[in-house]
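Have a look at the structure below before the remarks.
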Amino acid sequence: MAGNGELMLLGMWASPFVTRAKLALQIKGLSYEYVEEDLGNKSELLLSSNPVHKAVPVLIHDGKPVCESSVVVQYIDKAFAGAGPSLHPVDPYERAVARFWAAYLEDKLVAPWMQLFRVKTDEEGAEVMRQMIVAADALEGGLKECSGGEGPFFGAESVGYVDVLLGGMVSWLKATEVVSGAKIIDAARTPLLAAWMERFWELDAARALLQDVSALVGTEYARAVQARFCRRSSKQLVVEHLDPA
């Protein structure tokens, strides 16, 4: 891997946001020191590096911290432009389109997914799942637009910024489907996105870094979701919310 000065990543193994940073570092061919954080007993380094959110990931480059996963990925791509492939399109319009879909992904898929761990009723859970399914449907069009309709990735022929952001979520999306019983990315409904997911899963970087789905299903976070959905089929609840009749 390329030399790059002093790089350290503060993370936690199950975090999809940390996985985003790891994927970007791997794709760019950068070596770094990884420090696993205990989020129940956060280190002074984490608290001082990210005093606002006190969350991972934090990338520390030559002593300077960079926080928030999407910002970290952008920083890695720009700060090490000469290392590995670029994650952002060169063309300004294509770059703007990629950033639009990245923002959509964060607002419409990732934000509801995070709410899933805090729902208190079956109805709230079903509404969150409905939002995620609607977002996935829209991302089908986003993939077609970003890839030119033919490319295998959001970055067209190679993995790009949106691929890394969504790719970091792949294991958790699969785990969420297991514990909820609802299909978020369905080959029948979103064939391009379903094919993208399987294609991304087979990448060398993904194979090396994506969490084992069964390990995620066993986490306390996943068990909390499973407890919410175990009493009644979430798939049926989602159907009820999608069908006003």
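Any value given below was found using the heavy atoms of this structure, including those in side chains, with hydrogens, waters and symmetry copies removed.
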Could you tell me the separation between the [atom1] atom of [X] and the [atom2] atom of [Y], rounded to the nearest 0.5 Å?
X: Ile184; Y: Arg189; atom1: CD1; atom2: CZ; value: 9.0 Å
X: Leu192; Y: Ile185; atom1: CG; atom2: CD1; value: 11.5 Å
X: Ile76; Y: Ile27; atom1: CD1; atom2: CD1; value: 10.0 Å
X: Asp186; Y: Ile133; atom1: CG; atom2: CD1; value: 8.5 Å
X: Trp196; Y: Glu140; atom1: CH2; atom2: CD; value: 12.0 Å
X: Thr176; Y: Leu216; atom1: OG1; atom2: CG; value: 8.5 Å

* Which residue, Lys42, Glu37, Glu36, forms the side chain to side chain contact (heavy atoms under 4.5 Å, CB included) with Val56? ->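 In the set Lys42, Glu37, Glu36, the residue that makes a side chain to side chain contact (heavy atoms under 4.5 Å, CB included) with Val56 is Glu37.
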Any donor and acceptor pair, going by atom type alone, linking the side chain of [X] with main-chain N or O of [Y] inside 3.5 Å?
X: Thr19; Y: Ser15; value: yes
X: Asp137; Y: Val134; value: no
X: Thr190; Y: Ala187; value: no
X: Asn50; Y: Cys67; value: no
X: Glu157; Y: Pro152; value: no

* Trace of the side chain to side chain contact (heavy atoms under 4.5 Å, CB included) decision for Met8 with Val35 -> CA-CA 7 Å; Met8 178 185 294; Val35 178; 3.9 Å; yes
* Answer yes or no: are there more than 12 heavy-atom neighbours, outside Glu202 itself, under 6.0 Å from its atom CD? =>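 Check passes, neighbour count above 12.
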* Report, as yes or no, whether the 6.0 Å neighbourhood of atom CG on Asp204 holds more than 12 heavy atoms from other residues, nucleotides or ligands. =>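 Atom CG in Asp204 is not packed in, count stays at 12 or less.
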State, yes or no, whether a side-chain contact exists between [X] and [Y] at a heavy-atom distance under 4.5 Å.
X: Arg199; Y: Phe153; value: yes
X: Met132; Y: Lys108; value: no
X: Leu165; Y: Phe17; value: no
X: Ser70; Y: Tyr161; value: yes
X: Glu145; Y: Phe100; value: no
X: Ser69; Y: Pro57; value: yes
X: Leu109; Y: Gln131; value: no
X: Phe200; Y: Val164; value: no

* Check the pair Met197, Leu173 against side chain to side chain contact (heavy atoms under 4.5 Å, CB included), reporting the backbone distance first and the verdict last. => CA-CA 10 Å; Met197 179 179 280; Leu173 288 174; 4.0 Å; yes
Which heavy atom in [X] sits nearest to a heavy atom in [Y], and how many Å separate them?
X: Pro65; Y: Val58; answer: CB-CG1, 3.9 Å
X: Leu116; Y: Gly125; answer: CD1-O, 4.1 Å
X: Ala136; Y: Leu193; answer: O-CD2, 3.6 Å
X: Val73; Y: Arg20; answer: CG2-O, 3.9 Å
X: Leu7; Y: Leu25; answer: CD1-CD2, 4.1 Å
X: Ala138; Y: Tyr104; answer: CB-OH, 3.1 Å

* To do: Begin with the C-alpha distance, continue with both residues' side-chain angles, and end with the deciding distance and a verdict on side chain to side chain contact (heavy atoms under 4.5 Å, CB included) for Glu33 and Glu6.
  => CA-CA 8 Å; Glu33 178 185 356; Glu6 185 180 341; 5.7 Å; no
* **Lys/Arg cation over aromatic Trp201: Lys174, 6.0 Å, 45° cone** => yes
* To do: Go through the steps to decide whether Cys146 and Trp101 satisfy the test side chain to side chain contact (heavy atoms under 4.5 Å, CB included), and finish with yes or no.
  => CA-CA 9 Å; Cys146 291; Trp101 285 109; 3.6 Å; yes
* Asked: Is the gap between the ring centers of His61 and Phe80 under 6.0 Å?
  -> yes
* Glu127 with Arg130: basic N within carboxylate O range, under 4.0 Å -> yes
* Would you say the side chains of Trp172 and Gln211 form a donor-acceptor pair under 3.5 Å? ->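 Note: Trp172 and Gln211 side chains miss the donor-acceptor criterion.
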* Do Tyr93 and Phe154 sit in the same hydrophobic cluster, where Ile, Leu, Val, Met, Phe, Trp and Tyr count as joined when their side-chain heavy atoms come under 4.5 Å apart? ->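 Tyr93 clusters together with Phe154.
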